[in-house]
There are 2 protein chains.
Amino acid sequence: MSPTAQPSSSGAQLLDRTVVLLDLVADGGVDGLSLKELAARSGLNTATCHRILNTLVGHKLLARDDKKRRYRLGARMAIYGVRAARGPGIISRCEVALTRLRRRTGDTTHLMARFNHDSVCLDRRDGECIVPTLTGSIGGFVPLGVGPGSIAMLAFLDEDEQDYIIRANLGRYASYRNLTKDKVRQLIADTRRRGYAVDMGELIPGIAGVGMPIMTPGEKPGAALSFTLLCAKVGPGVIERYGALLEEEINAIIGQ
Amino acid sequence: MSPTAQPSSSGAQLLDRTVVLLDLVADGGVDGLSLKELAARSGLNTATCHRILNTLVGHKLLARDDKKRRYRLGARMAIYGVRAARGPGIISRCEVALTRLRRRTGDTTHLMARFNHDSVCLDRRDGECIVPTLTGSIGGFVPLGVGPGSIAMLAFLDEDEQDYIIRANLGRYASYRNLTKDKVRQLIADTRRRGYAVDMGELIPGIAGVGMPIMTPGEKPGAALSFTLLCAKVGPGVIERYGALLEEEINAIIGQ
DNA sequence: GCAGTTTTTTCATAATATGAGATTTTATGT
DNA sequence: ACATAAAATCTCATATTATGAAAAAACTGC
């Protein structure tokens with residue numbers, strides 16, 4: 001994912017730094033990250049990093065490959081993860097919606113969440129025919145601005161934040177069929193007007209998508225629901241119907 | 001789950017306390033926990049709790065229902081969870097094994113992890129016929145000592161720790177068909193002798209189970225693989241075959 | 001075996017977390 | 001609606017803890 005810069009609340013410096021490190025490790029990919037890399041990316045002193053990381057390893061929030069001395073997320077984190085998914089959080093609240101949207105359309109549905117400069121797949125239901133998706137499976141991610149769910153969230157952030165994120169992600173857009181920042185801005189404008197994001201095969205040829213943010217009142221969008229389907233399936237009125245379905249489910253989710 | 005008592009490494013008091021609170025919230029169930037409850041259970045000063053919890057909420061590691069003022073795991077935790085599941089951790093390493101064990105037998109397979117006094121389901125593959133299981137779905141848990149995967153882990157801890165855990169879980173065993181501590185000790189002895197745990201319908205009538213711990217050299221058992229199947233399916237040699245299958249997969253997992 | 005690199009430990013100092021108590025907010029009973 | 005209790009939140013002087021520069025140790029590649 002992207003380099004992390006966690007806005008820090010007052011006090012609690014150690015915890016702020018810990019979260020920065022956790023974020024970096026979470027983004028670290030399959031090989032994990034070394035102390036040196038973590039120190040460099042976080043901007044923290046090596047000794048400070050080392051101390052925090054070791055404590056986290058002790059608590060199994062992180063794990064360390066003793067051979068390669070690289071840090072990755074640990075067993076306790078996996079446990080918190082499954083508990084978070086089961087508890088009354090966003091995943092549970094969207095579970096029924098995802099399933100119902102899939103059933104009503106036969107198409108693949110996604111629950112995406114905003115995480116730093118990225119959009120992470122938290123849950124999905126596979127459609128009747130297998131379609132290639134940007135994020136692959138649960139846990140997969142794309143830069144904010146790439147894909148309908150991702151654009152849907154980006155579009156309803158305030159402009160300063162959009163600018164910041166787009167700038168941060170600039171270098172990564174090119175790998176998505178030469179997406180440009182102007183195109184992203186265009187999509188944001190379209191999405192704000194329409195209320196939901198639409199992609200008609202522009203990212204993956206032949207694959208369309210519709211995405212809408214879950215907007216809790218008074219909060220910035222943190223999650224989105226989306227459809228992925230074959231462009232061939234998109235006849236007149238289909239996109240509008242999918243938009244309406246998303247709106248219906250999201251309203252239900254927000255009202256408890 | 002169970003009341004949490006995290007052994008604390010030297011220094012890093014704030015982080016230790018944070019983990020205690022995270023554990024408590026992870027165990028908090030669907031309704032979450034209030035500040036007062038968390039302060040009581042953790043033994044921490046109310047103000048200290050409040051400060052730590054608020055910081056965690058700020059980082060979205062926890063979330064707070066503003067109406068009911070109760071804490072639960074937050075969105076960032078869900079994200080770490082899906083990343084942990086995708087990365088090179090225990091879940092990924094067991095993914096193939098789970099699937100293959102299911103394919104070779106047609107039965108439900110589980111990956112369980114030890115968490116404080118409990119055994120949590122991290123992953124599973126459903127068998128050909130639906131069988132009731134103790135843990136239900138991913139994220140479900142049972143006290144250590146209940147069920148084959150759970151016993152498998154407990155059996156290979158050192159005796160002091162077994163005693164401690166059994167004592168802590170005493171009150172909870174009764175809800176599992178009047179399981180007793182003597183029965184648990186018996187099962188531990190059987191498991192150590194055999195190398196894997198076997199349950200023949202003693203916890204859920206008609207449902208059998210076979211479980212074996214994943215023992216990384218030099219570490220206490222942190223996870224286990226297990227089968228759940230119909231007792232009716234258990235003919236001569238079946239249990240032994242299942243034990244051998246588990247051993248084979250676990251050896252493969254340990255050797256990278 | 002050596003030179004460079006990365007990790008780990010040390011320790012005096014500065015900075016932070018602490019928790020008792022005061023204050024505010026929320027819940028409950030009349 | 002008001003009074004009372006209970007819980008949550010805030011404040012601040014103090015002691016404890018985190019900090020990071022530097023030294024030591026462990027690893028790496030040649």
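It should be emphasised that the depicted structure is a prediction, and the values quoted were computed from it without experimental measurement. Chain letters run A, B, ... following the sequence lines, proteins first, then strands; residues in each count from 1.
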Test salt bridge (charged side-chain N to carboxylate O under 4.0 Å, His left out) applied to A/Arg17 - qualifying residues, sequence neighbours left out
none

Could you work out, with salt bridge (charged side-chain N to carboxylate O under 4.0 Å, His left out) as the rule, every residue matching A/Lys36, not counting sequence neighbours?
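A/Lys36 satisfies salt bridge (charged side-chain N to carboxylate O under 4.0 Å, His left out) with no residue once adjacent residues are dropped.
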
Take atom [atom1] of [X] and atom [atom2] of [N], then tell me their distance rounded to the nearest Å.
{"X": "A/Asn54", "N": "C/dT7", "atom1": "CG", "atom2": "C1'", "value": "10 Å"}
{"X": "A/Leu14", "N": "D/dG20", "atom1": "CG", "atom2": "C1'", "value": "14 Å"}
{"X": "A/Lys36", "N": "C/dT8", "atom1": "NZ", "atom2": "P", "value": "15 Å"}
{"X": "B/Asp16", "N": "C/dA17", "atom1": "CG", "atom2": "P", "value": "14 Å"}
{"X": "B/Leu53", "N": "C/dG19", "atom1": "CG", "atom2": "P", "value": "14 Å"}
{"X": "B/Arg64", "N": "C/dT25", "atom1": "CZ", "atom2": "C1'", "value": "13 Å"}
{"X": "B/Asp65", "N": "C/dT26", "atom1": "CG", "atom2": "P", "value": "16 Å"}

With sequence neighbours excluded, what pairs up with [X] under the side-chain hydrogen bond (donor to acceptor under 3.5 Å, both in side chains) test?
{"X": "B/Arg86", "value": "A/Ser137"}
{"X": "A/Thr135", "value": "none"}
{"X": "A/Arg100", "value": "A/Glu249"}

Partner residues of [X] under the side chain to side chain contact (heavy atoms under 4.5 Å, CB included) criterion, sequence neighbours left out:
{"X": "A/Val146", "answer": "A/Leu134, A/Val142, A/Pro143, A/Tyr173, A/Tyr176, A/Leu179, A/Leu203"}
{"X": "B/Ser92", "answer": "none"}
{"X": "B/Asp160", "answer": "B/Asp158"}

Using a 4.0 Å heavy-atom cut-off, write out nucleotides 21-30 of chain D from 5' to 3' as B (base contacted by protein), S (sugar-phosphate only) or - (no contact).
B----SS---

How would you label the contact of A/Thr46 with the nucleic acid (heavy atoms, under 4.0 Å): base, sugar-phosphate, or nothing?
base

Within the 4.0 Å heavy-atom criterion, would you say A/Arg70 contacts the bases, only the backbone, or no part of the nucleic acid?
nothing

Angle by which the axis turns from one end of the helix from C/dG1-D/dC30 to C/dT30-D/dA1 to the other, five pairs per end, to 10 degrees
70°

Closer than 4.0 Å, any side-chain N/O of B/Arg17 to the OP1 or OP2 of C/dG19?
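It does, given that an N or O in the side chain of B/Arg17 lies less than 4.0 Å from OP1 or OP2 of C/dG19.
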
Side-chain N,O (B/His50) to OP1/OP2 (D/dT9) below 4.0 Å:
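Yes, such a contact exists.
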
First of A/Leu15 and A/Tyr71 reached from the 5' end of DNA chain C, by closest nucleotide
A/Tyr71

Check this for me, if you would: do B/Asp23 and A/Arg76 make a salt bridge, where the nitrogen-to-carboxylate-oxygen distance has to be below 4.0 angstrom?
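Looking at A/Arg76 together with B/Asp23, the answer is yes, because their closest N to O distance falls below 4.0 Å.
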
What I want to find out is whether A/Arg69 reaches A/Glu37 closely enough, with some N-O distance under 4.0 Å, to be called a salt bridge.
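No, this pair does not count.
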
Applying side-chain hydrogen bond (donor to acceptor under 3.5 Å, both in side chains), run through A/Asp16 and B/His59 and close with a yes or a no.
CA-CA 8 Å; A/Asp16 292 345; B/His59 288 299; 2.6 Å; yes

Interface polar pairs with nucleotides 12-16 of chain D, N/O, under 3.5 angstrom:
none

Within residues 42-59 of chain B or reaching into it, pairs that qualify as salt bridge (Lys or Arg N to Asp or Glu O under 4.0 Å) - sequence neighbours excluded
none

